[in-house]
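Worksheet for the structure shown next.
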Amino acid sequence: MKRAPSPAARLRTMHDQLVAAYGPQHWWPAKTPFEVILGAYLTQNTAWKAVELSLDNLRAAGALTIGGLRSLPIDELQRLIRPSGFYTRKAPAIKAFVAMLDHEFSSSLKKLAAAPTATLRQRLLALPGVGPETADAILLYALGHPVPVADEYLRRIAERHKLTTQPARGRQGYDSLVALTRQAFAGDHETSQASLFNEFHALTVAVGKAHCGRTPHCQQCPLAADRARFGNGG
DNA sequence: CGCCAGGCCGTGT
DNA sequence: ACACGGCATGGC
């Protein structure tokens with residue numbers, strides 16, 4: 001009899017199953033780091049399709065750059081990002097990020113990225129409209145820091161597969177998912193942690209978009225085997 | 001047509 | 001420390 005695998009070991013196996021099913025994702029779907037940051041704000045509780053409309057508007061207005069965004073009046077910014085919703089909150093939040101960059105990092109994303117991960121994360125979390133997921137998405141995808149990103153899809157996967165006993169929602173639940181992801185990839189030394197966290201988060205979104213993250217008993221789901229053995233019924 | 005999307009924040013308990 | 005409602009639009 002083999003001992004039951006740890007949740008972290010199972011999650012590492014699930015990652016391989018997702019890679020086999022969906023292939024490399026090479027995220028984030030944006031061209032420049034600043035565009036990644038804008039997307040991170042805009043996609044909060046919002047379908048990516050709608051975010052693309054807003055990014056198209058910003059591109060046409062020449063506002064996908066720091067300077068372009070800075071010179072854009074806030075009411076104009078609201079109008080351009082209207083397709084992705086919550087614009088009365090997201091527009092000031094984006095403006096606050098640019099102001100922080102201007103005042104504290106000489107308008108340089110490179111200088112921002114050079115700060116230590118822990119202090120940088122705290123600084124991002126102190127910004128309006130930036131919670132743990134947005135902060136970590138910016139850290140990983142725009143600034144290249146090796147931090148996992150936990151999202152609603154991963155939360156549901158952890159719940160259905162019974163990967164954690166921690167409270168599912170709230171800051172504690174988020175942190176427990178991050179810790180679990182770190183454990184899952186702790187033994188990987190061949191590839192950079194950042195690349196693995198990058199790919200893993202993209203794959204959780206891929207499986208979510210493919211329906212298997214929402215439908216409780218989806219047999220075509222690449223993760224069906226694990227769920228059959230350890231998860232909720234299906 | 002109603003539901004929901006790659007969250008976050010303020011308020012109440 | 002959490003649950004809950006509000007924020008807003010577009011896709012399906």
Side-chain angles (χ1 to χ4, degrees), chain A residues 14-15 18 22 24-31 33 35-58 74-97 100 121-143 147-160 164-179 181 194 197-216 218 221 223:
Chain A
M14 289 159 67
H15 171 74
L18 291 174
Y22 299 113
Q25 304 294 302
H26 47 77
W27 255 23
W28 182 288
K31 201 163 186 186
E35 189 175 336
V36 171
I37 290 164
L38 294 176
Y41 278 95
L42 295 176
T43 197
Q44 289 170 4
N45 198 44
T46 303
W48 185 257
K49 201 86 179 225
V51 174
E52 287 181 322
L53 297 176
S54 292
L55 290 177
D56 287 343
N57 288 342
L58 291 172
I74 192 151
D75 57 328
E76 185 69 4
L77 177 58
Q78 286 192 24
R79 191 179 66 78
L80 294 172
I81 69 174
R82 192 160 75 86
S84 45
F86 303 119
Y87 51 85
T88 60
R89 290 165 180 261
K90 287 174 179 176
I94 290 168
K95 278 290 189 181
F97 177 89
M100 182 268 299
R121 188 171 193 270
Q122 286 191 4
R123 183 64 191 90
L124 291 172
L125 286 173
L127 288 169
V130 177
E133 185 183 340
T134 303
D136 290 337
I138 291 173
L139 280 168
L140 179 62
Y141 291 104
L143 305 179
V147 299
V149 179
D151 62 2
E152 176 63 15
Y153 290 134
L154 179 59
R155 210 220 88 232
R156 283 184 217 161
I157 289 171
E159 185 177 49
R160 296 233 174 84
T164 174
T165 56
Q166 294 294 318
R169 317 198 180 226
R171 185 89 33 134
Q172 292 287 322
Y174 184 92
D175 291 342
S176 71
L177 289 175
V178 167
T181 304
F197 294 150
N198 181 323
E199 202 56 29
F200 176 68
H201 174 236
L203 286 165
T204 63
V205 175
V207 71
K209 283 185 175 177
H211 263 355
C212 298
R214 265 177 300 171
T215 310
C218 171
C221 178
L223 306 178

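In what follows, chains carry the letters A, B, and so on, assigned in the order in which the sequence lines appear, proteins first and then strands, with residues in each chain numbered from 1.
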Residues A/R156, A/E159: salt bridge by 4.0 Å N-O rule: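 A salt bridge is absent here (no side-chain N lies under 4.0 Å from a carboxylate O).
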Quick one about A/K90 and A/S54 (side-chain donor to acceptor, distance below 3.5 Å, no hydrogens or angles considered), yes or no?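 A/S54 vs A/K90: no donor-acceptor pair found between side chains.
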Using whole Å, report how far [atom1] of [X] lies from [atom2] of [N].
X: A/L125; N: B/dG7; atom1: CG; atom2: P; value: 16 Å
X: A/D56; N: C/dG11; atom1: CG; atom2: P; value: 12 Å
X: A/L53; N: C/dG11; atom1: CG; atom2: C1'; value: 10 Å
X: A/I81; N: C/dG10; atom1: CD1; atom2: C1'; value: 15 Å
X: A/N57; N: C/dT9; atom1: CG; atom2: P; value: 14 Å
X: A/L55; N: C/dG10; atom1: CG; atom2: C1'; value: 15 Å
X: A/K90; N: B/dG7; atom1: NZ; atom2: P; value: 9 Å

Take A/D151 and A/G129, find for each the nucleotide of DNA chain B with the closest heavy atom, and name the residue whose nucleotide sits nearer the 5' end.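 In this pair, the answer is A/D151.
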Set out, line by line, the N/O atom pairs under 3.5 Å between protein and nucleotides 10-13 of chain B.
none

Under 4.0 Å, counting only non-hydrogen atoms across every strand here, what does A/V51 touch: a base, just sugar-phosphate, or nothing? nothing
Checking all strands, does A/L154 fall into the base, sugar-phosphate, or nothing category for heavy-atom contacts under 4.0 angstrom?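 It contacts nothing in the nucleic acid.
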Kindly compute the distance separating OG1 (A/T204) from NZ (A/K209), expressed to the nearest 0.5 Å.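 One finds 10.5 Å between OG1 of A/T204 and NZ of A/K209.
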Supply the atom-to-atom distance A/I74 CD1 to A/Y87 OH, rounded to the nearest 0.5 angstrom. 13.0 Å
Using a strict heavy-atom distance below 4.0 Å, which residues from residues 133-143 of chain A are in contact with DNA chain B? A/E133, A/T134
Can you see which heavy atom on A/V178 is nearest to which on A/A150, and at what distance?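 Scanning both residues, the minimum pair turns out to be CG2-CB, 4.3 Å.
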More 5' along DNA chain C: A/Q44 or A/K49, using each one's nearest nucleotide? A/Q44
Could you list, one pair per line, each protein nitrogen or oxygen that sits under 3.5 Å from a nitrogen or oxygen of nucleotides 1-7 of chain C, together with the distance?
from  : atom 1 : to    : atom 2 : distance (Å)
C/dC7 : O3'    : A/T88 : OG1    : 3.4

Quick one: does any side-chain atom of A/E133 pair with a main-chain N or O of A/V149 as donor and acceptor, under 3.5 Å?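 Not a single qualifying donor-acceptor pair exists.
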Under the 3.5 angstrom rule, does the side chain of A/Q44 hit a backbone N or O of A/G129 as a donor-acceptor pair? yes
Whole-angstrom distance between B/dC1 and C/dC7, as gauged at atom P: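 Straight-line distance between the two P atoms is 22 Å.
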Are there more than 12 heavy atoms of other residues, nucleotides or ligands under 6.0 Å from atom CD of A/E76?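 More than 12 within 6.0 Å, yes.
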Tell me whether the rings of A/F200 and A/H15 are parallel (<30°), tilted (30 to 60°) or perpendicular (>60°).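 The arrangement is tilted - the two ring planes meet at 30° to 60°.
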Determine the interplanar angle of the A/Y41 and A/F97 rings, folded into 0 to 90°, and report it as parallel if under 30°, tilted if 30 to 60°, perpendicular if over 60°. perpendicular
